[in-house]
Amino acid sequence: MGVEITETTVTDAEFEAMKQFVFEYLAASVEKEDEGGRMRWYPWHSAEYRHNHILNVVDLATEIAEKEGADVDVTRVAALFHDVAKLETDQELHAEAGARVAREYLEAQSEYPESFIAQVTRAIEYHSYQGDVTDLSMESQCVIEADLLDKIGANGTALMLLRMGYEARTHMDADEMVDRVLERGLDAASRVRSDTADSIAHRRLKRVKWFREWLEDEIAALGE
(Lines give C-alpha, C1' and ligand atoms only; values in the text may rest on other atoms or scores of the structure.)
Protein backbone atom coordinates (compact mmCIF):
# COMPACT_ATOMS: atom_id res chain seq x y z
CA MET A 1 0.00 0.00 0.00
CA GLY A 2 1.33 3.47 -0.88
CA VAL A 3 1.25 6.45 1.44
CA GLU A 4 -2.08 8.21 1.24
CA ILE A 5 -1.64 11.75 -0.06
CA THR A 6 -3.90 14.27 1.64
CA GLU A 7 -4.19 17.97 0.99
CA THR A 8 -2.46 20.12 3.61
CA THR A 9 -3.04 23.81 4.17
CA VAL A 10 -0.14 26.05 5.12
CA THR A 11 -1.37 29.30 6.65
CA ASP A 12 0.15 32.67 5.80
CA ALA A 13 1.56 32.92 9.33
CA GLU A 14 3.19 29.49 9.03
CA PHE A 15 4.68 30.40 5.67
CA GLU A 16 6.06 33.67 7.03
CA ALA A 17 7.72 31.73 9.85
CA MET A 18 9.28 29.41 7.26
CA LYS A 19 10.59 32.42 5.31
CA GLN A 20 12.23 33.79 8.43
CA PHE A 21 13.78 30.41 9.22
CA VAL A 22 15.21 30.06 5.70
CA PHE A 23 16.80 33.53 5.80
CA GLU A 24 18.30 32.91 9.23
CA TYR A 25 19.64 29.55 8.06
CA LEU A 26 21.30 31.17 5.04
CA ALA A 27 22.80 33.93 7.17
CA ALA A 28 24.14 31.38 9.65
CA SER A 29 25.66 29.39 6.79
CA VAL A 30 27.71 32.45 5.86
CA GLU A 31 28.69 33.42 9.38
CA LYS A 32 29.82 29.99 10.56
CA GLU A 33 32.50 29.67 7.89
CA ASP A 34 35.99 30.75 8.96
CA GLU A 35 36.52 32.54 5.65
CA GLY A 36 33.07 34.09 5.49
CA GLY A 37 31.04 31.39 3.77
CA ARG A 38 31.14 29.65 0.42
CA MET A 39 31.47 32.14 -2.47
CA ARG A 40 30.93 35.13 -0.17
CA TRP A 41 33.40 37.07 -2.32
CA TYR A 42 30.72 36.92 -5.04
CA PRO A 43 28.26 39.56 -3.76
CA TRP A 44 25.22 38.00 -5.44
CA HIS A 45 25.86 34.75 -3.61
CA SER A 46 25.32 36.35 -0.21
CA ALA A 47 22.51 35.30 2.11
CA GLU A 48 20.54 38.36 0.95
CA TYR A 49 20.89 37.50 -2.73
CA ARG A 50 20.14 33.82 -2.21
CA HIS A 51 17.03 34.63 -0.17
CA ASN A 52 15.82 37.04 -2.85
CA HIS A 53 16.32 34.36 -5.51
CA ILE A 54 14.37 31.90 -3.36
CA LEU A 55 11.45 34.33 -2.99
CA ASN A 56 11.46 34.94 -6.75
CA VAL A 57 11.24 31.19 -7.29
CA VAL A 58 8.42 30.92 -4.75
CA ASP A 59 6.38 33.55 -6.64
CA LEU A 60 7.01 31.93 -10.03
CA ALA A 61 6.41 28.38 -8.82
CA THR A 62 3.19 29.41 -7.09
CA GLU A 63 1.90 31.06 -10.27
CA ILE A 64 2.71 27.97 -12.33
CA ALA A 65 1.16 25.63 -9.74
CA GLU A 66 -2.06 27.65 -9.54
CA LYS A 67 -2.51 27.67 -13.32
CA GLU A 68 -1.37 24.10 -13.98
CA GLY A 69 -3.29 22.37 -11.18
CA ALA A 70 -0.40 21.33 -8.95
CA ASP A 71 -0.63 21.31 -5.14
CA VAL A 72 0.13 24.95 -4.36
CA ASP A 73 1.24 24.47 -0.75
CA VAL A 74 3.59 21.59 -1.58
CA THR A 75 5.02 23.65 -4.42
CA ARG A 76 5.55 26.91 -2.53
CA VAL A 77 7.07 25.23 0.53
CA ALA A 78 9.42 23.20 -1.67
CA ALA A 79 10.37 26.35 -3.58
CA LEU A 80 11.07 28.15 -0.31
CA PHE A 81 13.47 25.46 0.90
CA HIS A 82 14.99 24.49 -2.45
CA ASP A 83 18.24 26.47 -1.97
CA VAL A 84 18.33 26.65 1.82
CA ALA A 85 21.60 24.65 1.91
CA LYS A 86 23.16 26.35 -1.12
CA LEU A 87 25.67 28.44 0.84
CA GLU A 88 27.02 25.60 2.97
CA THR A 89 27.07 22.64 0.58
CA ASP A 90 28.69 21.78 -2.73
CA GLN A 91 26.47 22.40 -5.76
CA GLU A 92 25.94 18.71 -6.49
CA LEU A 93 24.82 18.02 -2.91
CA HIS A 94 22.71 21.06 -2.08
CA ALA A 95 19.37 19.60 -3.23
CA GLU A 96 19.58 16.57 -0.93
CA ALA A 97 20.90 18.72 1.91
CA GLY A 98 18.04 21.18 1.45
CA ALA A 99 15.52 18.35 1.55
CA ARG A 100 16.96 17.20 4.88
CA VAL A 101 16.71 20.71 6.34
CA ALA A 102 13.10 21.00 5.16
CA ARG A 103 12.18 17.60 6.62
CA GLU A 104 13.71 18.48 10.00
CA TYR A 105 11.88 21.80 10.06
CA LEU A 106 8.49 20.40 9.02
CA GLU A 107 8.70 17.41 11.37
CA ALA A 108 9.51 19.74 14.28
CA GLN A 109 6.26 21.63 13.68
CA SER A 110 4.23 18.45 14.34
CA GLU A 111 1.11 19.52 12.39
CA TYR A 112 2.26 18.38 8.95
CA PRO A 113 1.49 14.78 7.90
CA GLU A 114 4.19 12.53 6.46
CA SER A 115 2.49 12.53 3.05
CA PHE A 116 2.90 16.32 2.80
CA ILE A 117 6.50 16.28 4.04
CA ALA A 118 7.39 13.50 1.59
CA GLN A 119 6.00 15.47 -1.36
CA VAL A 120 7.85 18.62 -0.33
CA THR A 121 11.20 16.90 0.21
CA ARG A 122 10.88 14.97 -3.05
CA ALA A 123 10.34 18.21 -4.98
CA ILE A 124 13.41 19.73 -3.32
CA GLU A 125 15.57 16.65 -3.99
CA TYR A 126 14.73 16.76 -7.69
CA HIS A 127 14.92 20.50 -8.31
CA SER A 128 18.36 20.15 -9.96
CA TYR A 129 17.19 17.28 -12.20
CA GLN A 130 18.60 17.69 -15.72
CA GLY A 131 16.26 15.34 -17.58
CA ASP A 132 12.76 15.86 -18.96
CA VAL A 133 10.80 17.66 -16.23
CA THR A 134 7.63 15.76 -17.15
CA ASP A 135 9.27 12.64 -15.70
CA LEU A 136 8.68 14.13 -12.24
CA SER A 137 5.71 15.16 -10.13
CA MET A 138 3.90 18.33 -11.16
CA GLU A 139 5.12 20.04 -7.98
CA SER A 140 8.75 19.18 -8.78
CA GLN A 141 8.22 20.44 -12.32
CA CYS A 142 6.87 23.76 -11.03
CA VAL A 143 9.94 24.31 -8.83
CA ILE A 144 12.38 23.39 -11.61
CA GLU A 145 10.65 25.64 -14.13
CA ALA A 146 10.54 28.55 -11.69
CA ASP A 147 14.23 28.10 -10.87
CA LEU A 148 15.07 28.24 -14.57
CA LEU A 149 12.88 31.27 -15.20
CA ASP A 150 14.44 33.40 -12.48
CA LYS A 151 17.76 33.34 -14.34
CA ILE A 152 16.38 35.04 -17.44
CA GLY A 153 14.61 38.25 -18.35
CA ALA A 154 15.16 41.62 -16.69
CA ASN A 155 16.42 40.02 -13.49
CA GLY A 156 18.98 37.90 -15.30
CA THR A 157 20.12 40.92 -17.31
CA ALA A 158 20.55 43.05 -14.19
CA LEU A 159 22.64 40.35 -12.55
CA MET A 160 24.88 40.05 -15.60
CA LEU A 161 25.41 43.81 -15.68
CA LEU A 162 26.29 43.77 -11.98
CA ARG A 163 28.81 41.07 -12.77
CA MET A 164 30.31 43.36 -15.43
CA GLY A 165 30.99 46.01 -12.83
CA TYR A 166 32.45 43.48 -10.43
CA GLU A 167 34.80 42.28 -13.18
CA ALA A 168 35.73 45.90 -14.07
CA ARG A 169 34.31 45.63 -17.60
CA THR A 170 33.12 48.65 -19.55
CA HIS A 171 29.63 49.24 -20.90
CA MET A 172 30.94 48.29 -24.35
CA ASP A 173 31.03 44.68 -23.14
CA ALA A 174 27.32 44.83 -22.32
CA ASP A 175 26.22 43.12 -25.53
CA GLU A 176 28.37 40.07 -24.70
CA MET A 177 26.86 39.84 -21.22
CA VAL A 178 23.30 40.26 -22.49
CA ASP A 179 23.96 37.60 -25.12
CA ARG A 180 24.78 35.23 -22.27
CA VAL A 181 21.39 35.99 -20.72
CA LEU A 182 19.72 35.27 -24.07
CA GLU A 183 21.56 31.96 -24.42
CA ARG A 184 20.58 30.97 -20.89
CA GLY A 185 17.00 32.04 -21.55
CA LEU A 186 16.75 30.03 -24.75
CA ASP A 187 18.08 26.99 -22.91
CA ALA A 188 15.54 27.52 -20.12
CA ALA A 189 12.70 27.93 -22.63
CA SER A 190 13.71 24.64 -24.27
CA ARG A 191 13.43 22.81 -20.94
CA VAL A 192 10.13 24.09 -19.54
CA ARG A 193 7.05 22.09 -20.45
CA SER A 194 4.01 23.69 -18.85
CA ASP A 195 2.07 26.25 -20.87
CA THR A 196 2.36 28.76 -18.02
CA ALA A 197 6.15 28.49 -17.75
CA ASP A 198 6.52 28.60 -21.53
CA SER A 199 4.52 31.83 -21.67
CA ILE A 200 6.60 33.42 -18.91
CA ALA A 201 9.85 32.33 -20.59
CA HIS A 202 8.96 33.89 -23.93
CA ARG A 203 7.73 37.10 -22.29
CA ARG A 204 11.01 37.43 -20.42
CA LEU A 205 13.08 36.62 -23.49
CA LYS A 206 11.35 39.44 -25.38
CA ARG A 207 12.51 41.90 -22.72
CA VAL A 208 16.12 40.76 -23.10
CA LYS A 209 15.93 41.02 -26.90
CA TRP A 210 14.49 44.53 -26.65
CA PHE A 211 17.31 45.56 -24.31
CA ARG A 212 19.88 44.09 -26.70
CA GLU A 213 18.39 46.17 -29.53
CA TRP A 214 18.48 49.35 -27.41
CA LEU A 215 22.16 48.75 -26.68
CA GLU A 216 22.92 48.46 -30.39
CA ASP A 217 21.05 51.71 -31.06
CA GLU A 218 22.75 53.70 -28.32
CA ILE A 219 26.33 52.42 -28.01
CA ALA A 220 28.32 53.29 -31.11
CA ALA A 221 31.03 50.66 -30.65
CA LEU A 222 28.57 47.76 -30.73
CA GLY A 223 28.22 45.96 -34.02
CA GLU A 224 31.43 47.34 -35.52
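This chain uses plain numbering: 1 for the first residue, then up along the sequence.
When atom types are taken as modelled, the side chain of Gln130 and the backbone of Ser128 share a donor-acceptor pair closer than 3.5 angstrom. Under a 3.5 Å cut-off, the side chain of His202 and the backbone N or O of Ser199 do not form any donor-acceptor pair. With Ser190 contributing its side chain and Asp187 its backbone, the two residues share a donor-acceptor pair below 3.5 Å.
Linking Ile, Leu, Val, Met, Phe, Trp and Tyr residues whenever their side-chain heavy atoms come within less than 4.5 Å places Leu106 and Val22 in a single cluster.
The residues Arg76 and Glu63 are annotated as not salt-bridged, no charged nitrogen and carboxylate oxygen being separated by less than 4.0 angstrom. Using a cut-off of 4.0 Å between Lys/Arg side-chain N and Asp/Glu carboxylate O, Arg100 and Glu104 are scored as not salt-bridged. A salt bridge between Arg212 and Glu216 is present, with a side-chain N of the basic residue lying under 4.0 Å from a carboxylate O of the acidic one. The residues Arg180 and Glu183 are annotated as not salt-bridged, no charged nitrogen and carboxylate oxygen being separated by less than 4.0 angstrom.
Clustering of Ile, Leu, Val, Met, Phe, Trp and Tyr side chains at separations under 4.5 Å places Leu148 together with Tyr126, Tyr129, Val133, Leu136, Ile144, Val192.
Side-chain contact between Glu139 and Glu68: absent, with no pair of heavy atoms (C-beta onward) separated by less than 4.5 Å.
Using cut-offs of 30° and 60° on the angle between ring planes, the pair Phe21 and Tyr105 is tilted.
Side-chain contact of Glu145 with Gln141: a donor-acceptor pair under 3.5 Å is present, judged by distance alone.
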* To do: Determine, stepwise, if the pair Glu114 / Arg103 fulfils salt bridge (charged side-chain N to carboxylate O under 4.0 Å, His left out).
  => CA-CA 9 Å; Glu114 171 57 29; Arg103 174 171 284 281; 3.1 Å; yes
